[in-house]
Chemist: 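Next up is a structure, given as structure tokens.
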Amino acid sequence: MSAATQSWANRNRMTLTPLLFLAPGMLFFAVYVIIPIFQSFNISLYEWDGLGEATFVGARNYQELVTDRAFEISLWNNVKWLLLYLLAIPAGLFIALFLNQTVFGIRLYKSLFFFPFVISQVVVGLVFSWFYLPNVGLFDIVMGWFGVDIRGGVLGNPNTATYGIIAAGIWPQTAYCMILYLTGLNAVDPEQVEAGRLDGAKGWRMLWHVILPQLRPATFIAFVVTIIGALRSFDLISIMTNGGPFGSTRVLSFYMFEKALSEYGFRMGYGSAIAVVLFFIMLFFIAYFLWSMYRDEKEARR
Amino acid sequence: MLKKFASVAGAMALTTALVTPAMAELSGTLRIMSDMSNPAPRAIMEGLAADFDAMHPNLTVEVEIVDREAWKSQIRNALTADAPDVINWYAANRMGPYVKAGLFEDISDMYANGDLPGLDSVKGAMTMDGKQWGVPYTYYQWGIYYREDIFKDLGLSEPTTFDEEIANCQKIVDSGRKCYTIGSKFLWTAGGWFDYMNMRTNGFDFHMQLATGQASWTSDEVKATFANWRKLIDMGAFIDDHQTYSWQEALPPFVNGEATAYLMGNFVVPHLREAGLTDEQIDFYQFPKIADVPMGEDAPTDTFHIASGAKNKEAARAFLQYVTSADVQTKINAGSGLGQLPVNANSSVDDDEFLNQGFDMLSNNATGGIAQFFDRDFPAEMASVGMEGLQEFMVFPDNLDDILNRLEAARTRIYK
């Protein structure tokens, strides 16, 4: 009897061992990620203040989302963030190309360019809000020289506030992309560059046909971290405008927080409905990332 | 942050026991969770706990002090899991979610049987569904704090009517200054302006109907309120770009004399004094009369409640009684303590220019009624949508119709 059990474990140990090693991780992943996702789905069908009884309302929270103008603004702001944040990738690439040379003190310059990514987002937010201050902020003074007067200051005007925050976010994100490209550039094969040069390629053609294809892994990672950075743009908004003026700078994550967890919130069901929408937007990108990673691995194996 | 106050020596305990025989039987532990986290209130809270502990030899008082802002969301966890005996909160509608969820203890009997003498005038703010759910421990007036010295230079006097207010303001604007400073980044300051414009234009009762969802945001009354408010906006009475400032960031224009008045709660006074303004330079007047209606006032009240899950309710009740007693009220609200108004009618108000004026105003000239404040009288969700609309109105007054339609839609959804 015991011999049979032993031999079963023995026979399957190649399968069992990895499963056992994976078990703790899978357990925690299930408890802290997978199950809460389904709980959010469930709560989004209820009207619940987090204290009393939850009442089932079906899809009513979602119906309300469709007519909710604050939600619409948040959604559009998310789109703006996603699109404009991608500017950090080319910006990071050009700074990396510029810094990829051997002159005296280049390490110092590199670390100076990397500096904004090291400091806290809260500090970035504060620095930029002072920079944008109406009348006394540097930005307002410089714009004044060109005769441009933004009413209420960059962050006080509903038409410019979101762009102002995105610009503040791009600053550290560019530094992040730059460091990714700098490491990528180290791995560029000098022989291929040499071969390209013999074939008469230089400037843009060299960059586009020889350098960039070799930087593809770096570009992919830069793309991933930038998309993720754009979707978790919570802290800058909270520091710089607190969602205002009159809700014009909210994004979905901020709106979800406001509805579910802030001082005037505690509509758990509605907050969850927003979270579900945000989840599907993220899922779209996550699915793309997973698919392209899977494809690369398959190619590599061939 | 947990502080324990050890019981005091036997001799002391004996004397206290003799003085208050009825309370001496209290025993066990009294757990207080407080949001009085700023330095002065914190000292008061810790002092209260230590004194109460000393009065009851068999009772141990534990105080846990939570950051005031954080407490606004933490209270939910605190009340549902291992509830303390006594907690801090706010009066009026802000109690709603906890009263409805049955998390606050009903203490109507204490009011009924005379355990809380001197609290009759503040009982209303603690009443919900015809029962009382806690006790207040401090409150403060709102009103217009102004630069007395600049008013003197311009030959202005304290206005009592809106026409005088506007005439004053015109002179102030002509002198190159702004009439009012305000920082509306965190929205609630605009709520204060609306409270006063609405209470003065339509009266306290209409304001409360609006707060409880019975009146419409698109009604003529509300439109009249905004029309009055707009007079001030159009004449350039408010400082520019106020939507980018917090209320503290709006102080410098007042201190520098670029703006001459600030509609604020009495908590602004220490800030003004710290900034170097003397009491000769600042003064206070009640928000002037607009329509011929009894004047209502904002006077936000901070409170103590017993959790319904409390383990030592007997001690908790005794503590509430202790905090609201006339002597304790006089002591903790004095200028050296909270620097606010005592809630007990038998207490005395500290000799301070602003506290005296506020107390006089609230006792004699607030016949319309006493409101708590926009974000405490209106349900939380209505308050947040509402204050956002008010801020938008102050910046883009032309959007008014759109804003009012939005608020009306929110009203029909929120009040069911």
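The shown structure was predicted, so the numbers you read here are calculated from the model rather than taken from an experiment. Every chain is numbered from 1, with letters handed out A, B, ... down the list of sequences.
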Chemist: Counting only heavy atoms not in A:Met26, do more than 12 fall under 6.0 Å of its CE?
Modeler: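 It does not: A:Met26 CE has 12 such atoms or fewer within range.
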Chemist: Quick one: of A:Gly247, A:Ala161, A:Gly153, A:Ser129, who has the most non-hydrogen atom pairs under 4.5 Å with chain B?
Modeler: A:Gly247
Chemist: More than 12 foreign heavy atoms under 6.0 Å from OH of A:Tyr32: is that the case here?
Modeler: no
Chemist: Which one of B:Lys185, B:Gln391, B:Lys100 has the most heavy-atom pairs closer than 4.5 Å to chain A?
Modeler: B:Gln391
Chemist: Counting only heavy atoms not in B:Trp217, do more than 12 fall under 6.0 Å of its CH2?
Modeler: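 Counting neighbours around CH2 of B:Trp217, more than 12 heavy atoms of other residues, nucleotides or ligands fall under 6.0 Å, so yes.
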Chemist: Taking side chain to side chain contact (heavy atoms under 4.5 Å, CB included) as the definition, give me every residue that meets it alongside A:Val148, ordered by chain and number, with sequence neighbours left out.
Modeler: A:Met143, A:Phe146, A:Ile150
Chemist: Taking atom OG1 of A:Thr67 and atom CZ of B:Arg413, what is their separation to the nearest 0.5 Å?
Modeler: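 Reported to 0.5 Å precision, the distance equals 8.0 Å.
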Chemist: Quick check: closest heavy atoms across A:Pro245 and B:Gln243, and the distance to 0.1 Å?
Modeler: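 Heavy atoms of A:Pro245 and B:Gln243 come nearest at CB-CG, 4.2 Å.
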Chemist: Can you say whether A:Thr241 sits under 4.5 Å from chain B via the side chain, the backbone, both, or neither, judging by heavy atoms?
Modeler: backbone
Chemist: Looking at A:Arg69 and B:Asp402, is there a salt bridge between them, counting it only when a charged N and a carboxylate O are closer than 4.0 Å?
Modeler: yes
Chemist: For A:Phe115, does the CZ atom sit with more than 12 other heavy atoms under 6.0 Å from it, leaving out its own atoms?
Modeler: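 Result for CZ/A:Phe115: open.
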Chemist: Report the option among B:Asp375, B:Leu103, B:Thr80 that has the most heavy-atom pairs separated by less than 4.5 Å from atoms of chain A.
Modeler: B:Asp375
Chemist: Using a 4.5 angstrom heavy-atom cutoff, name the option from A:Ser262, A:Gly156, A:Pro158, A:Ala70 with the most pairs to chain B.
Modeler: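 Greatest number of close heavy-atom pairs with chain B: A:Gly156.
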Chemist: In this structure, are over 12 heavy atoms from other groups packed under 6.0 Å from A:Phe41 atom CZ?
Modeler: yes
Chemist: Apply side-chain hydrogen bond (donor to acceptor under 3.5 Å, both in side chains) to B:Thr301 and list each qualifying residue two or more places apart in sequence or on a separate chain.
Modeler: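 Expected list: B:Gln372.
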Chemist: What do the steps show when you test A:Asp49 against B:Glu381 for side chain to side chain contact (heavy atoms under 4.5 Å, CB included), and what is the final call?
Modeler: CA-CA 11 Å; A:Asp49 67 353; B:Glu381 209 191 340; over 6 Å; no
Chemist: Using non-hydrogen atoms only, which part of B:Ala380 is less than 4.5 Å away from chain A: side chain, backbone, both, or neither?
Modeler: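 It is both, since atoms from each part get that close.
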Chemist: Can you name the closest pair of heavy atoms from B:Thr244 and A:Leu155 and give their distance?
Modeler: CG2-C, 4.1 Å
Chemist: Only pairs of heavy atoms separated by less than 4.5 Å count here; which of B:Lys72, B:His242, B:Met387, B:Met382 has the most with chain A?
Modeler: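 Most heavy-atom pairs under 4.5 Å with chain A: B:Lys72.
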Chemist: Any idea which of A:Glu53, A:Met240, A:Glu64 has the most non-hydrogen atom pairs under 4.5 angstrom with chain B?
Modeler: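 Sorted descending by pairs with chain B, the first entry is A:Glu64.
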Chemist: Provide the closest heavy-atom pair for B:Glu388 versus A:Phe246 in the form atom of the first, atom of the second, distance.
Modeler: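 Where B:Glu388 meets A:Phe246 most closely, the heavy atoms are CG-CA, 3.4 Å.
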